Protein chains: 2
Amino acid sequence: MKSLSIKDIAVKANVSITTVSFIINGKAKEKSISEAVIEKVEKIIAESGYKPNQIARSLRTGNSNIIGLIIEDISNSFFSRIARLIEDKAYKRGYKIIYSSTENSVDKAKELINMFKSRKVDAYIISPIKGIEEDIQMLMNDGNPVILFDRNLPDISTSYVGADHFNASYQSIKNFIDQGKKNIALVTIDINVAQITERLEGYKKALEDSGIEYNEDLVLKIHFNQEENETIAQIQKLLQHKAVDAVLFATNYLAISGLKALKQIDKKIGDDFAVIAYDDHEAFELHTPRISAIQQPLEEIAETIIKMILNQLSSKAKLPAEEVIIPARLVLRD
Amino acid sequence: MKSLSIKDIAVKANVSITTVSFIINGKAKEKSISEAVIEKVEKIIAESGYKPNQIARSLRTGNSNIIGLIIEDISNSFFSRIARLIEDKAYKRGYKIIYSSTENSVDKAKELINMFKSRKVDAYIISPIKGIEEDIQMLMNDGNPVILFDRNLPDISTSYVGADHFNASYQSIKNFIDQGKKNIALVTIDINVAQITERLEGYKKALEDSGIEYNEDLVLKIHFNQEENETIAQIQKLLQHKAVDAVLFATNYLAISGLKALKQIDKKIGDDFAVIAYDDHEAFELHTPRISAIQQPLEEIAETIIKMILNQLSSKAKLPAEEVIIPARLVLRD
DNA sequence: CTGAAAGCGCTTACAG
DNA sequence: CTGAAAGCGCTTACAG
């Protein structure tokens with residue numbers, strides 16, 4: 001079944017499509033269409049249930065009112081929660097979101113960028129990976145608003161919104177030290193991206209500032225894509241071997257593996273052994289004992305991203321890149 | 001900066017845009033374009049990085065290669081995991097996903113359907129709510145493929161994919177009974193949708209088949225939108241008052257509230273008190289003791305949805321509605 | 001106060 | 001073997 005076009009409405013109302021278009025786009029007053037005509041046309045539109053074809057509109061105007069969201073994995077709760085907030089805020093401003101997951105693949109990420117490009121999305125929100133700098137630069141050269149989040153790419157100058165990973169990590173370690181911990185371990189992953197390396201830097205700096213020597217044996221770098229069982233085994237080895245009295249897990253899934261590891265070797269969290277997880281998780285509140293965690297301010301991150309996008313969208317001139325670093329919050333439990 | 005159009009390529013190659021179009025769309029052979037021309041054009045396309053404008057293509061052909069996904073809330077892990085799987089499978093077949101969350105609002109759901117309609121999405125995947133039957137019926141009348149999942153709408157005849165909630169619930173209660181439980185409670189929500197009421201029906205039937213009388217006092221219907229604290233308090237009241245020796249939680253977030261409730265009143269899960277949660281959650285594996293759960297086969301659900309969509313998309317004729325009910329799995333822990 | 005016409009970037013039936 | 005032209009459904013500069 002064919003849907004109605006602006007022409008059908010024009011014929012029914014006995015006016016030109018120009019007039020209908022003006023009315024649909026709220027330019028009736030400005031174009032001084034008579035009240036009578038406006039009413040007649042609006043009535044017909046309402047009765048017929050006519051909806052303008054956005055595809056045609058996009059082709060003509062050059063914008064789609066769609067924002068492309070490129071993330072690592074929508075099923076990761078950090079991203080799905082951000083996606084939800086972004087969707088919500090964008091929706092209120094008349095924008096829709098089209099998303100895709102990169103699965104940490106450079107090829108897929110490049111493909112997605114091309115795909116979004118050919119779909120003429122109005123703006124890009126990207127949680128990037130190394131290796132797509134050139135593609136992003138091209139996007140910006142073409143005048144597209146681009147906001148990176150979660151992870152930054154140091155080699156290009158892009159607008160960026162993210163949490164202050166360095167400080168959050170620093171504060172967590174400081175907290176351990178203030179509790180009198182001496183052998184503080186870090187369990188992290190072996191990928192070389194800023195949001196992860198900053199957590200290591202914060203760890204190192206906090207130790208240094210307290211006069212504790214950095215001990216490489218206390219830092220476990222888990223291989224990014226390995227089986228969870230392997231991860232659990234490595235964590236157990238770390239915790240059994242040493243007089244470790246505190247651990248910072250650099251991601252929430254590492255913390256979850258870590259908690260499983262502890263359970264298996266029956267090592268208890270308590271006065272003589274403390275744990276903090278980077279990025280909160282529902283399981284932490286429920287765990288016995290409850291697990292302390294660093295919370296990224298998702299709401300604020302999403303709001304900042306959307307604000308920057310809208311700013312760039314509404315200014316004809318190209319805005320300079322802007323970096324917003326938002327403090328993360330250490331939530332101590334039990 | 002303007003991006004290249006098919007015309008630019010045609011001019012550069014010194015051929016007509018018709019020829020370029022045929023080559024782009026793999027119809028060169030069929031239209032018997034000479035090898036020399038094909039090579040020349042392909043070279044120019046590759047060098048220039050030209051990507052066809054999908055908007056123009058959509059306007060012309062009437063399809064967008066976009067599938068609209070309408071769900072309750074992308075940040076709910078059940079939906080985000082399904083979304084991930086659907087995205088993946090759709091992507092491999094050349095389709096993109098555009099999603100939006102309804103937040104259980106009828107108005108928003110209707111708005112989303114209209115929005116997707118005006119964007120000319122090729123197909124709809126919807127986790128519906130009551131009150132949008134008419135809108136969905138119209139979609140189908142217009143010849144759009146529509147697949148409902150998770151929840152069905154009994155009043156219209158639509159293709160549907162979902163887990164066998166009745167049986168999963170039935171098996172869980174049977175399992176309690178086989179363990180010798182006598183006072184089995186059900187904590188559910190008060191919304192009147194099939195996927196929830198079926199869980200209650202399964203509960204009732206299992207009791208009946210075992211000759212246990214149904215006791216209304218053991219069924220707690222939580223108000224859908226209330227504060228979690230209120231929920232926790234109600235669960236505590238249920239569990240303190242009665243000789244309850246087993247509980248089935250009808251959703252995973254109810255189970256999480258329930259576990260918090262138990263923790264506060266220090267009621268232990270063990271030989272004399274058993275718990276099962278509907279829909280698994282990472283926290284359950286980690287909990288002490290580990291919590292048994294019903295797992296919906298997400299992979300299978302996603303795969304079935306995509307298969308049905310592609311079937312409908314590739315058949316010119318309207319296919320009859322098809323319902324696929326997939327067994328859920330009870331995972332017993334500890 | 002209103003309309004005829006060009007054009008956005010494609011695809012495709014038709015013609016040669 | 002290849003191209004001119006119509007048309008998808010809009011918006012908007014221009015004209016009256």
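Note on naming: letters A, B, ... go to the chains in the order of the sequence lines (proteins, then strands), and numbering restarts at 1 for each one. These numbers were taken from a predicted model, which means no experiment stands behind them.
Note on A:Lys120: every side-chain N or O is 4.0 Å or more away from OP1 and OP2 of C:dC8. Side-chain nitrogen and oxygen atoms of A:Ser16 include none within less than 4.0 Å of the OP1 or OP2 phosphate oxygen of C:dT2. Close to C:dC8, at under 4.0 Å from its OP1 or OP2, lies no side-chain N or O of B:Asn53. Residue A:Arg60 places none of its side-chain N or O atoms closer than 4.0 Å to OP1 or OP2 of C:dG7. Residue B:Tyr50 has no polar side-chain atom (N or O) positioned under 4.0 Å from OP1 or OP2 of C:dG9.
A straight line from CG of B:Asn63 to C1' of C:dT11 spans 12 Å, rounded to a whole angstrom. In this structure, A:Phe22 atom CZ and C:dC1 atom P are separated by 14 Å, rounded to whole Å. Summarising the geometry, the separation between CD1 on A:Ile23 and C1' on C:dT2 is reported as 10 Å, rounded to the nearest angstrom. If you take CD1 of A:Ile55 and C1' of C:dC8, they are 13 Å apart, rounded to a whole angstrom. Atom pair A:Ile9:CD1 and D:dC10:P shows a separation of 9 Å (rounding to whole Å applied). Distance CD1 (A:Ile6) to P (C:dG3): 12 Å, rounded to an integer number of Å. Rounded to an integer number of Å, the gap from CG of B:Leu59 to C1' of D:dA6 is 13 Å. One interatomic measurement links the two molecules: NZ of A:Lys7 to C1' of C:dG3, which rounds to 14 Å at whole-angstrom precision.
Base pairing annotation: D:dA4 forms no Watson-Crick or G-U wobble pair, as no partner gives both donor-acceptor distances under 3.5 Å. Under the Watson-Crick or G-U wobble criterion, with both distances below 3.5 Å, C:dA13 has no partner in any strand shown.
A cation-pi geometry, defined here as NZ or CZ lying under 6.0 Å from the six-membered ring centre and within 45° of its normal, does not hold between B:Lys12 and B:Tyr50.
Between B:Tyr95 and B:Leu313 the shortest side-chain heavy-atom distance falls below 4.5 Å. Looking at A:Gln137 and A:Glu134, their side chains never come closer than 4.5 Å, going by heavy atoms from C-beta outward. With a 4.5 Å cut-off on side-chain heavy atoms, A:Ile129 and A:Arg151 count as touching. Under the 4.5 Å side-chain criterion, counting only non-hydrogen atoms from C-beta, A:Ser21 is not in contact with A:Ile24.
Taking the side chain of B:Arg57 as heavy atoms from C-beta on, and the options C:dG3, C:dT11, D:dG3, the nearest nucleotide is C:dT11. Listed candidates were C:dT12, C:dC10, D:dT2. Nearest to the side chain of B:Pro52 is C:dC10. Of the candidates C:dC10, C:dT12, D:dC10, the closest approach to any side-chain atom of A:Ala56 belongs to D:dC10. For A:Ser5, the side-chain atoms get nearest to D:dG9 when compared with the rest of C:dG3, D:dG9, C:dT11.
Between B:Lys40 and B:Val15 the shortest heavy-atom distance is NZ-CG1, 4.4 Å.
Among the atoms of the strands shown, base atoms are found under 4.0 Å from some heavy atom of A:Ile17. Within the nucleic acid shown, B:Ser21 comes within 4.0 Å of at least one base atom, counting heavy atoms only.
For the pair B:Val15 and B:Thr61, nearest-nucleotide mapping onto DNA chain D gives the more 5' position to B:Val15.
Side-chain atoms of B:Thr18 stay outside donor-acceptor range of the base of C:dT11, with no qualifying N/O pair under 3.5 Å.
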